[in-house]
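Chain letters run A, B, ... following the sequence lines, proteins first and then strands; every chain starts at 1.
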Amino acid sequence: MNKLSPLHDKIYCALSGSAADAQTIAEIVNYQLDVHSTEIGEDPQVRSAATLVRNISYKYKEELSAHLIVAGWDRRDGGQVFATLNGLLTRQPFAIGGSGSSYVYGFVDAEYRRGMSKEECQQFVVNTLSLAMNRDGSSGGVAYIVTIDEQGTEEKVILGNDLPTFVDQ
Amino acid sequence: MSSIGTGYDLSASTFSPDGRVFQVEYAMKAVENSCTDRRDMMLLRIIQEMTSQEVKNTSEGSGGTCLLQRSKVMAVAGLLADARSLSEVAREEASSFRSNYGHDIPLKHLSDRVAMYVHAYTLYSAVRPFGCSFILGSYDKDDGPQLYMVDPSGISHGYWGCAIGKAKQAAKTEIEKLQMRDMTCRELVKEVAKIIYIVHDEVKDKAFELELSWVGEVTNGRHELVPKDVREEAEKYAKDSLEEEDDSDEDNM
């Protein structure tokens with residue numbers, strides 16, 4: 001399943017938790033951002049998208065069970081990543097979530113560096129996913145990667161056998 | 001010259017045969033002629049686009065400006081009661097936008113929203129249009145200085161410089177003469193004060209008190225009263241240049 005859902009041209013979100021809840025939130029925010037960008041007459045800020053997601057997540061936190069990571073590019077602050085777990089809102093250099101994330105906290109904390117190039121970032125992400133998919137029984141399959149920058153948005157799929165391998169494989 | 005719309009001016013929901021809505025026009029006259037109980041009100045705002053960017057606001061009389069958000073300010077002319085109510089509306093809009101979208105409302109959008117609200121009151125006979133115009137100004141480091149004006153008919157436009165209230169035509173003429181791009185903040189304050197003194201009519205208007213405030217890079221995006229020394233310098237400059245003009249007129253005779 002493609003867990004990367006577009007909220008706007010240059011803003012995507014990563015879904016985790018209950019698929020139904022997460023997809024519904026993403027669809028609602030997609031609609032709200034569409035209206036919002038028409039009203040203000042320009043592309044929305046990533047912060048706006050993240051706030052909209054957070055407002056829903058927080059208001060219905062007792063009923064919903066989903067965590068969306070919102071990331072994208074806007075003119076004002078460039079590339080940004082926001083976590084919205086349980087209704088909080090915080091900007092981070094990177095974010096991980098979902099069942100497989102617990103296995104890779106150490107990896108991402110050790111391997112992340114500021115100012116990585118686009119290719120290095122993509123490699124970092126693919127490595128992280130591969131390690132998580134290897135360890136987590138509930139994860140597997142393919143890796144979807146979306147790269148967003150000033151020039152545009154690029155979607156990529158990396159099939160199972162093309163993923164990087166580590167020890168034990 | 002003004003015309004009387006006999007019979008077609010009783011409600012805002014009626015057009016005259018030549019396509020005018022007189023109630024809205026009367027509302028705009030209310031802005032031009034309004035007085036507070038003690039003083040005349042006239043507002044002037046100037047925006048300067050340059051490295052030292054700012055928005056300036058000068059007004060005669062008190063209660064001329066109110067703060068909507070940290071870097072957004074609203075200056076009003078017209079019926080004060082209407083203006084107060086509208087400033088609450090503007091604050092509400094700015095606040096709920098902030099709550100929903102996580103960042104400060106862009107001034108153009110705020111201006112559009114308030115203008116829509118004002119316009120709604122020009123559509124029905126059960127309510128009267130708002131009798132006030134206002135100027136919205138803001139400064140932030142990404143968008144720079146911005147200036148928007150809304151009038152009782154509900155239109156809003158962006159401006160480099162504009163004036164509302166009494167003598168706004170004369171003030172507008174003076175503003176157009178200014179070469180704003182080449183001036184610094186302090187110079188602009190002086191020019192603006194001079195304009196107020198110029199358009200103030202000694203005979204017809206009552207004495208006035210000049211209130212100057214600004215928002216811009218010079219204040220780090222906060223709306224503040226112009227500091228006392230700058231203000232005094234500006235008032236002195238204004239008075240001096242008026243005297244010079246009087247003198248030169250006498251010489252010509």
Side-chain angles (χ1 to χ4, degrees), chain A residues 7-13 25-26 28-61 68-92 95 150, chain B residues 47 49 51 53 68-72 74 86 89-120 136-150 154-160 215-217 220-221:
Chain A
L7 298 180
H8 199 75
D9 297 339
K10 293 212 169 115
I11 308 177
Y12 269 65
C13 68
I25 297 176
I28 292 175
V29 174
N30 184 329
Y31 166 75
Q32 289 176 331
L33 273 182
D34 200 22
V35 173
H36 175 61
S37 71
T38 308
E39 282 183 336
I40 60 173
E42 57 179 8
D43 280 344
Q45 294 185 23
V46 183
R47 183 172 282 276
S48 303
T51 306
L52 286 171
V53 170
R54 185 275 304 269
N55 288 344
I56 299 175
S57 304
Y58 182 70
K59 190 167 178 191
Y60 299 103
K61 71 192 311 239
L68 271 70
I69 298 174
V70 179
W73 187 94
D74 67 45
R75 206 169 40 102
R76 209 180 177 105
D77 279 325
Q80 298 149 72
V81 173
F82 288 87
T84 67
L85 183 64
N86 277 337
L88 62 68
L89 177 66
T90 172
R91 183 174 170 193
Q92 299 179 182
E150 187 172 1
Chain B
I47 186 171
E49 191 210 349
T51 48
Q53 294 154 336
L68 300 178
Q69 254 183 352
R70 204 167 69 106
S71 66
K72 295 188 179 62
M74 175 180 188
L86 272 176
V89 168
R91 281 181 179 141
E92 267 299 314
E93 282 290 335
S95 165
S96 75
F97 184 96
R98 179 89 212 245
S99 174
N100 286 332
Y101 299 104
H103 64 91
D104 285 351
I105 187 170
L107 195 69
K108 178 172 195 317
H109 191 226
L110 176 62
S111 169
D112 285 344
R113 300 283 302 184
V114 179
M116 251 198 289
Y117 187 89
V118 168
H119 173 251
L136 294 161
S138 82
Y139 175 83
D140 79 48
K141 64 174 174 51
D142 292 312
D143 299 324
Q146 312 245 344
L147 189 64
Y148 283 86
M149 182 186 69
V150 179
I155 41 174
S156 101
H157 286 300
Y159 288 87
W160 294 124
V215 55
E217 201 178 347
N220 269 332

Winner by heavy-atom pair count (cut-off under 4.5 Å) against chain B, out of R47(A), Q45(A), E39(A):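 That would be Q45(A).
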Parallel, tilted or perpendicular: ring planes of H36(A) versus Y101(B), cut at 30 and 60 degrees: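 Judged by the thresholds at 30° and 60°, the geometry between H36(A) and Y101(B) is parallel.
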Atom of L52(A), atom of N100(B) and distance for their closest heavy-atom approach: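 The answer is CD2-O, 3.6 Å.
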Taking all non-hydrogen atoms of both residues into account, name the closest pair between S99(B) and T51(A) and its distance.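 Minimum heavy-atom separation between S99(B) and T51(A): O-CG2, 3.8 Å.
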Just checking R91(A): does its CZ atom have more than 12 heavy atoms from other residues, nucleotides or ligands closer to it than 6.0 angstrom?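 Check passes, neighbour count above 12.
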CG of D112(B) to CD1 of I40(A): how many Å apart, nearest 0.5 Å?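 Output value for this atom pair is 11.0 Å.
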